[in-house]
Amino acid sequence: QVQLVESGGGLVQPGGSLRLSCAASGSIFSINTMGWYRQAPGKERELVARMPSGGIPNYADSVKGRFTISRDNARNTVYLQMNSLKPEDTAVYYCNALIGHSGAGLWYNYWGQGTQVTVSS
């Protein structure tokens, strides 16, 4: 059993900043990619940023230069620093991780419960 617990969402004014955190716990042998997705009302879930273990992160074009993803592998935690926030960034943000429960090379996809980010004046 694995849990991804997110924190850090909230209400912020346009131009402001927020930092999201997501900690993975449970039956974890190793973690491959960790990342963040978001879903706005009436829209499909979309990738925001993701980061392979020891690899180069990639970002959605809409957040490049404003958002930064980072990981603390010792703590099984991924962060999303969001700067220069815009109203169109308003969405539920979901943490995602590919987790292995053994050394067999099998990866399982897990999601957090989501955290609301609202950008409004």
Side-chain angles (χ1 to χ4, degrees):
Q1 194 79 338
V2 169
Q3 282 190 315
L4 301 182
V5 179
E6 300 132 334
S7 60
L11 173 64
V12 64
Q13 292 186 342
S17 298
L18 282 175
R19 188 190 192 213
L20 305 183
S21 300
C22 171
S25 63
S27 178
I28 299 171
F29 179 80
S30 61
I31 303 180
N32 191 324
T33 299
M34 297 188 83
W36 293 93
Y37 291 70
R38 67 185 181 188
Q39 188 167 19
K43 295 188 176 181
E44 294 189 353
R45 191 173 297 189
E46 63 176 3
L47 172 70
V48 176
R50 63 186 170 199
M51 188 170 186
S53 177
I56 298 172
N58 65 291
Y59 297 91
D61 287 344
S62 59
V63 307
K64 282 181 181 176
R66 300 188 298 123
F67 291 10
T68 302
I69 189 171
S70 60
R71 288 175 62 166
D72 183 341
N73 291 327
R75 298 176 186 268
N76 291 336
T77 300
V78 62
Y79 304 96
L80 186 69
Q81 178 66 43
M82 305 185 292
N83 298 329
S84 302
L85 282 160
K86 304 175 181 180
E88 50 263 45
D89 294 317
T90 295
V92 178
Y93 284 69
Y94 296 91
C95 177
N96 174 261
L98 287 177
I99 293 175
H101 301 297
S102 69
L106 297 175
W107 304 101
Y108 298 85
N109 198 34
Y110 290 92
W111 293 94
Q113 80 283 359
T115 185
Q116 177 70 46
V117 172
T118 302
V119 185
S120 175
S121 55

query = What class does the angle between the rings of His101 and Tyr110 fall in, given that below 30° is parallel, 30 to 60° is tilted and above 60° is perpendicular?
reply = perpendicular

query = Quick one: do Leu106 and Ile28 end up in the same hydrophobic cluster if we chain Ile, Leu, Val, Met, Phe, Trp and Tyr together by side-chain heavy atoms under 4.5 Å apart?
reply = yes

Side-chain ion pair, Asp61 and Lys64, N-O less than 4.0 Å = yes

key: From Ile31 atom CD1 to Asn73 atom CG, the distance as rounded to the nearest 0.5 Å   = 7.5 Å

message = Could you work out, with side-chain contact (heavy atoms from CB on, under 4.5 Å) as the rule, every residue matching Leu47, not counting sequence neighbours?
response = Tyr37, Arg50, Asn58

request  = Provide the closest heavy-atom pair for Asp89 versus Tyr93 in the form atom of the first, atom of the second, distance.
outcome  = O-OH, 2.6 Å

ask   = With distance as the sole criterion, is a donor-acceptor pair present between the side chains of Ser17 and Asn83 under 3.5 Å?
value = yes

message = Is there a path of hydrophobic side-chain contacts, each under 4.5 Å between heavy atoms, that joins Tyr79 and Val92?
response = no

message = Please say yes or no: joined through hydrophobic side-chain contacts below 4.5 Å, possibly via intermediate residues, are Phe29 and Leu98 part of one cluster?
response = no

ask   = Going through the distances and angles, do Val117 and Leu20 end up as a side chain to side chain contact (heavy atoms under 4.5 Å, CB included)?
value = CA-CA 9 Å; Val117 172; Leu20 305 183; 4.1 Å; yes

key: Side-chain (Gln13) to main-chain (Ser121) donor-acceptor, under 3.5 angstrom   = no

message = Do Ser62 and Arg38 have side chains that approach each other closer than 4.5 Å (heavy atoms only, starting at C-beta)?
response = yes

task = Determine whether Glu6 and Cys22 make a side-chain contact, defined as any pair of heavy atoms from C-beta on separated by less than 4.5 Å.
result = yes

inquiry  = Can you confirm whether Val2 sits close enough to Tyr108 that some side-chain heavy atom of one is under 4.5 Å from a side-chain heavy atom of the other?
reply    = no

Shared hydrophobic cluster for Leu85 and Tyr94 (ILVMFWY, side-chain gaps under 4.5 Å) = no

ask   = Is the closest side-chain heavy-atom distance between Leu11 and Ser120 below 4.5 Å?
value = yes

task = Say whether, by atom type as modelled, one donor and one acceptor occur between the side chain of Thr90 and the main chain of Val119 under 3.5 angstrom.
result = yes

task = Check whether any side-chain N or O of Gln3 sits under 3.5 Å from a backbone N or O of Gly26 as a donor-acceptor pair, and report yes or no.
result = no

request  = Can you see which heavy atom on Gln116 is nearest to which on Ala91, and at what distance?
outcome  = NE2-O, 3.4 Å

query = Can you tell me how far the CD1 atom of Ile69 sits from the CE atom of Met34, to the nearest 0.5 Å?
reply = 8.5 Å

message = Would you say CD of Glu44 has more than 12 non-hydrogen atoms from neighbouring residues, nucleotides or ligands within 6.0 angstrom?
response = no

task = Please report the C-alpha distance between Asn76 and Ser25 in whole Å, then the side-chain angles of each, then the deciding distance to 0.1 Å, and finally whether the side chain to side chain contact (heavy atoms under 4.5 Å, CB included) criterion is met.
result = CA-CA 7 Å; Asn76 291 336; Ser25 63; over 6 Å; no

message = Ignoring hydrogens, what is the shortest heavy-atom contact between Arg71 and Met51? Give both atom names and the distance.
response = NH1-O, 2.8 Å

inquiry  = Between Cys95 and Trp36, is there a side-chain heavy-atom distance shorter than 4.5 Å?
reply    = yes

query = Any link between Trp107 and Leu4 through a network of hydrophobic side chains (Ile, Leu, Val, Met, Phe, Trp, Tyr) touching at under 4.5 Å?
reply = no

task = For the residue pair Val48 and Met82, establish whether any side-chain heavy-atom pair is separated by less than 4.5 Å.
result = no

